Q: 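Quick one: the structure is below, and I'll ask about it shortly.
Because the structure is predicted, anything quoted here is derived from the model rather than measured.
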Amino acid sequence: MKSGNIFKERPIKLNDSVLINAMEKIVKQVVANEKFHLDFYRNDLKEMETCRIFAWYVYDCGTHFIPLNDLDAVRSFQKEWLSTMSELKEKKKPKEPNRLYVCNADKGELKRVLGFEEGNFLEHLQAV
């Protein structure tokens, strides 16, 4: 008989449920339209199953999951998202400012990164 896990889904640890509840609360506060909440429920929670330490960007139109073990993804986020942020600020003011967090799902930690819009994202991550 082959040994292995008989469960198809990974059990949610206590830390996961605490972290997911905190993330869900943020999504409901920041993401303007409920239809954009799917970003979180469909994509981010699935990504958390394989990537346990990540940056998580929340803005009025959804969320963006950035695996911190993928330097290309981090650089891409800085280049494609953060570099255009000043242009977006001039066009509209969201009801709630964009937010960036560093999360550790194994520890159930969610840390907000302040002032990430200015300067180098990688430098800010090292300071967290």
Q: Sequence neighbours excluded, which residues qualify as ring-ring contact (aromatic ring centres under 6.0 Å, His included) partners of Phe54?
A: Phe65
Q: Applying the ring-ring contact (aromatic ring centres under 6.0 Å, His included) criterion to His64, which one of Phe77, Phe40, Tyr59 satisfies it?
A: Phe77
Q: Taking only residues two or more places apart in sequence or in another chain, which ones pass side chain to side chain donor-acceptor pair (under 3.5 Å) with Glu47?
A: none
Q: Roughly how far, to the nearest 0.5 Å, is CG of Leu19 from NZ of Lys107?
A: 13.0 Å
Q: To the closest 0.5 Å, what do you measure between NZ (Lys46) and SG (Cys51)?
A: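 Lys46 atom NZ to Cys51 atom SG measures 14.0 Å (nearest 0.5 Å).
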Q: Could you label the plane-to-plane angle of the Tyr41 and His37 rings as parallel, tilted or perpendicular, counting under 30° as parallel and over 60° as perpendicular?
A: tilted
Q: Can you tell me how far apart CG (Asn33) and CG (Asp60) are? Round to the nearest 0.5 Å.
A: 10.0 Å
Q: Holding to side chain to side chain donor-acceptor pair (under 3.5 Å), I want the full list of residues that pass it with Asp44, two or more places apart in sequence or in another chain.
A: Trp56, Thr63
Q: Supply the atom-to-atom distance Asp106 CG to Met48 CE, rounded to the nearest 0.5 angstrom.
A: 9.0 Å
Q: Using side-chain heavy atoms (C-beta onward) and a distance below 4.5 Å, is Asn69 in contact with Ile53?
A: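 They are not in side-chain contact.
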Q: Could you report the tightest heavy-atom contact between Leu110 and Cys103, atom names first, then the distance?
A: CD1-SG, 3.2 Å
Q: Would you say that Glu24 contacts Asn21 through its side chain, given a criterion of any heavy-atom pair below 4.5 Å between the two side chains?
A: yes
Q: Calculate, to the nearest 0.5 Å, the distance between atoms CD1 and CG belonging to Ile66 and Leu100 respectively.
A: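 Here the rounded value is 6.0 Å.
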